[in-house]
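Input: a single structure, listed below in structure tokens.
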Amino acid sequence: MPSSNSRCNKSLSECHVTLASPFFAQEHPVATFSFRPACAFPVWQPVAAVRPAMSAPWWQWVASTDSLTARLINAGGERRFRVRLLRQEVGMPRLDEAQALGIAPRRYAWLREVALCVGDSPWVVARSVAPLTQLQGQHLKRLGERSLGSWLFQQPDLVRGPIEASTCQPRFAYPQDDKARSRWGRRSVFQHGGLSLLVQEHFLTTMADDLGLPSR
Ligand SMILES: C=C(O[C@@H]1C=C(C(=O)O)C=C[C@H]1O)C(=O)O
């Protein structure tokens, strides 16, 4: 059983890992995250288009349209579910994110990056983006370490757009003591009360190992 100071309980400053990015060739003593850019510009495809390359157990996760939070809690059984907030700030969405949201590039957005942990393992890392101009009245900024899904799936007018999938690695940093990598990434845009919210989730190898999921 991992120690109590495992990666999901460590403070962010304790998540000391080697930056594996080509831009950080050497161990970076003050670094807190690993970063492995595998796709400079990620390729997102409709989830149905990648189904032939995806095993049935993974399809149950990647193509599901209900709350991932609820699924993770259920799959974790007795193990504690935890949202680890990595970053939440106002910034610029990436080009593919702006395109997915249908907004012009270089428009300020609300950015949130989390690790969804079951027990001591980060199973999913996620990055959510919403245009800042659409956030009036939303309580997203005060979410903290409550799951975004716990709020989102309470909205009666919620509409989820089509799910797209990718095998690209996350382009944001997340704690990776055991060199966890993304097995599958997915994204979709949620609409609620004039808000468009892009949610991008990456299912990690730690989740595959803990659940005995196939490699793809
Ligand atoms: C959209 C959901 O919320 C989850 C929780 C997130 C968060 O807290 O930032 C981000 C992505 C999701 O995996 C969900 O549970 O389906």
Side-chain angles (χ1 to χ4, degrees), residues 7-9 12 33 42 44 47 58-77 79-91 93-94 96-97 100-101 109-119 121-132 134-135 138-166 168-175 180-193 195-208 210-211 213:
R7 50 195 169 278
C8 280
N9 297 320
L12 294 187
F33 300 102
W44 295 100
V47 69
W58 274 118
W59 176 261
Q60 296 300 315
W61 285 98
V62 177
S64 63
T65 56
D66 51 12
S67 169
L68 181 58
T69 296
R71 282 179 174 262
L72 292 173
I73 292 171
N74 183 55
R79 287 167 290 186
R80 186 175 77 138
F81 172 79
R82 177 176 189 176
V83 176
R84 189 87 184 99
L85 183 61
L86 304 178
R87 180 181 174 209
Q88 183 167 303
E89 63 188 22
V90 172
R94 296 191 180 100
D96 63 307
E97 295 170 336
L101 286 165
W110 173 79
L111 309 174
R112 174 179 165 95
E113 295 169 2
V114 297
L116 303 182
C117 302
V118 174
S121 295
W123 280 14
V124 174
V125 290
R127 173 176 160 99
S128 302
V129 183
L132 200 58
Q134 298 178 9
L135 279 193
Q138 306 292 348
H139 304 294
L140 295 180
K141 296 174 185 172
R142 296 196 296 272
L143 261 182
E145 294 202 336
R146 282 173 295 137
S147 161
L148 171 62
S150 64
W151 173 80
L152 204 53
F153 284 88
Q154 298 298 316
Q155 307 315 310
D157 65 337
L158 185 70
V159 174
R160 182 172 202 158
I163 292 177
E164 295 175 299
S166 172
C168 286
Q169 293 303 306
R171 289 171 298 158
F172 57 92
Y174 58 95
R181 291 176 63 75
S182 172
R183 272 284 176 260
W184 285 104
R186 71 172 189 175
R187 74 177 187 178
S188 57
V189 177
F190 290 87
Q191 308 284 349
H192 151 62
L195 170 70
S196 296
L197 176 65
L198 172 66
V199 176
Q200 304 162 102
E201 297 150 321
H202 289 269
F203 299 88
L204 301 179
T205 46
T206 36
M207 174 178 171
D210 288 351
L211 292 179
L213 295 172

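Order of listing sets the numbers, starting from 1, for every ligand and every atom in it. Residues: numbered from 1 along the sequence shown.
- Among the atoms of Thr69, some N or O lies under 3.5 angstrom from an N or O of ligand 1.
- Considering only heavy atoms from C-beta on, Gln134 stays 4.5 Å or farther from Trp110 through its side chain.
- Assignment of Val114 to the shell around ligand 1 is supported, since a heavy atom sits closer than 4.0 Å.
- A donor-acceptor contact closer than 3.5 angstrom links the side chains of Arg160 and Ser188.
- Polar contact check, Ala70 against ligand 1: no nitrogen or oxygen pair lies under 3.5 Å apart.
- Among Gln200, Glu113, Arg112, the residue whose heavy atom sits closest to atom 9 (O) of ligand 1 is Arg112.
- The shortest N or O to N or O distance between Arg160 and ligand 1 is not below 3.5 Å.
- Looking at Glu201, Arg71, Gln88, Arg127, it is Glu201 that brings a heavy atom closest to atom 13 (O) of ligand 1.
- The Val199 neighbourhood of ligand 1 comprises atoms 11 (C), with distances under 4.0 Å to a heavy atom of that residue.
- Among all non-hydrogen protein atoms, the one lying nearest atom 10 (C) of ligand 1 is Ala126 CB, 3.7 Å.
- With distances taken over non-hydrogen atoms, the option nearest atom 7 (C) of ligand 1 out of Leu86, Leu148, Val125 is Leu148.
- Side chains of Ser147 and Thr69: a donor on one and an acceptor on the other come within 3.5 Å.
- Ligand 1 has an N or O atom lying under 3.5 Å from an N or O atom of Leu68, backbone or side chain.
- In this structure, the protein non-hydrogen atom closest to atom 3 (O) of ligand 1 is Gly149 N, 2.9 Å.
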